[in-house]
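To start, the structure under review is shown below, and the notes come after it.
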Number of protein chains: 2
Amino acid sequence: MRWRDLETADCPIARAMSILGDRWTLMILRDCFFGVQRFEAFQANLGLSRTILRDRLAHLVEAGILVQRPYQDRPVRYDYVLTAKGRALNGVMLMLGEWGRTAVEGQPETQIRHRHQTCGHILTPYVACAACGEEVVAKDVRAVRAIGSV
Amino acid sequence: MRWRDLETADCPIARAMSILGDRWTLMILRDCFFGVQRFEAFQANLGLSRTILRDRLAHLVEAGILVQRPYQDRPVRYDYVLTAKGRALNGVMLMLGEWGRTAVEGQPETQIRHRHQTCGHILTPYVACAACGEEVVAKDVRAVRAIGSV
DNA sequence: TTAAGTGCGTTTAGTTTATGGACTGACTAT
DNA sequence: ATAGTCAGTCCATAAACTAAACGCACTTAA
């Protein structure tokens with residue numbers, strides 16, 4: 001199966017993965033959330049090949065997740081910054097980090113956490129339901145095919 | 001950079017991606033959450049090559065995300081089912097699906113949603129802070145290096 | 001008892017992607 | 001002038017992925 005056939009899949013996870021589903025894209029976006037904006041910085045942080053970095057950044061721009069913002073002329077150079085669509089990945093990132101932190105063994109002495117500025121605590125994120133505000137756990141959820149949303 | 005070097009990274013997202021970060025693994029896990037358990041079913045649903053499927057399932061078992069549960073002898077055949085560690089990915093899946101649904105254009109007529117059994121509504125998931133219960137948005141969050149958690 | 005089917009894999013050969021390193025180009029700073 | 005910075009391209013090699021065929025240990029149907 002060709003990978004980017006998933007773009008038009010019926011399943012939103014499949015559509016998400018058609019954009020995010022390779023070895024580097026989510027790592028690049030993690031760096032974006034940490035404030036990294038420049039080509040050299042991504043490359044130095046991640047250690048991926050420049051060819052791939054170029055390709056992935058271009059895809060992310062094309063997908064509307066990053067925008068190029070010129071920070072100098074002669075020669076023109078761009079920062080890569082998150083769009084609203086990119087910032088909307090915040091929840092995915094937080095949950096992914098939480099899973100990596102709690103579920104994946106391997107105990108580095110320090111780990112990166114987040115502080116929730118509005119309450120001051122170190123963040124432990126969980127997924128809640130917009131309708132009832134309760135925490136959502138796997139067993140309480142059933143997949144349904146929906147037209148519209150209710 | 002060699003990919004599985006990330007296993008011991010300091011960043012929990014990097015550690016998560018060392019397991020989940022390829023084109024198919026999260027798609028396989030999505031199917032697991034939808035109840036798929038058998039080799040042929042994964043292969044038919046996803047259309048990936050059998051070679052890769054074998055490899056990915058083996059990795060997921062090795063990582064403790066799936067377990068093989070024999071459902072017949074002669075010849076012995078296994079179901080692949082989520083462990084607690086696997087089920088802990090529920091939040092990631094929900095947020096990934098929500099992002100795919102709301103942020104990725106392309107409007108199939110029907111989409112897969114979830115029903116939140118405890119309140120009966122179609123689920124719109126969001127990420128909340130365990131300390132204060134409020135929704136967590138990108139701008140209210142700052143990365144910190146932490147030893148312990150508080 | 002032969003034939004067909006099922007389920008899970010392996011093998012093979014060919015294609016696609018990724019990799020690391022050198023290189024270019026347009027500058028700036030010393 | 002010389003070195004350094006930054007973003008990117010080019011290239012040869014290496015690794016990953018693919019589709020299709022095949023193998024094996026059965027079960028079921030003819």
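Just so we're on the same page: letters track the sequence lines, and every chain starts at 1.
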Can you tell me how far [atom2] of [N] sits from [atom1] of [X], to the nearest Å?
| X | N | atom1 | atom2 | result |
| --- | --- | --- | --- | --- |
| B/Gln43 | D/dC17 | CD | C1' | 14 Å |
| B/Leu53 | D/dA16 | CG | P | 17 Å |
| A/Asp79 | D/dA7 | CG | C1' | 12 Å |
| A/Leu48 | D/dA15 | CG | P | 18 Å |
| A/Arg38 | D/dA7 | CZ | C1' | 11 Å |
| B/Gln72 | D/dC26 | CD | C1' | 8 Å |
| A/Gln37 | D/dA7 | CD | C1' | 15 Å |
| B/Leu57 | C/dC8 | CG | C1' | 11 Å |

* Going by modelled atom types, is there a donor-acceptor pair between the base of C/dG9 and the side chain of B/Arg50 at under 3.5 Å? ->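 Such a pair exists between side chain and base.
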* Is a donor-acceptor contact shorter than 3.5 angstrom present between the side chain of A/Arg77 and the base of D/dC6? ->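 Side chain to base: pair present.
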* Asked: Taking the side chain from A/Arg115 and the backbone from A/Gly120, do they hold a donor-acceptor pair closer than 3.5 Å?
  -> yes
* Asked: Can any side-chain N or O of B/Glu134 pair as donor or acceptor with the backbone N or O of B/Ala128 at less than 3.5 Å?
  -> no
Could you state the interatomic distance from [atom1] ([X]) to [atom2] ([Y]), rounded to the nearest 0.5 Å?
| X | Y | atom1 | atom2 | answer |
| --- | --- | --- | --- | --- |
| A/Ile65 | A/Leu82 | CD1 | CG | 9.0 Å |
| B/Gln111 | A/Cys11 | CD | SG | 9.0 Å |
| B/Arg54 | B/Gln43 | CZ | CD | 13.0 Å |

Under-4.0 Å side-chain N/O to phosphate OP1/OP2 contact, [X] with [N]:
| X | N | result |
| --- | --- | --- |
| A/Arg23 | D/dC17 | yes |
| B/Tyr71 | C/dC8 | yes |
| B/Arg56 | D/dC17 | yes |
| A/Trp24 | C/dT19 | yes |

* To do: Have a look at B/Tyr80 and say if it touches a base, only the backbone sugar-phosphate, or nothing, with a 4.0 Å heavy-atom cut-off.
  =>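 Sugar-phosphate: the residue B/Tyr80, judged by heavy atoms under 4.0 Å, touches backbone atoms but no base.
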* Structure fact -> On DNA chain C, more 5' by nearest nucleotide between B/Thr51 and B/Pro75 is B/Pro75
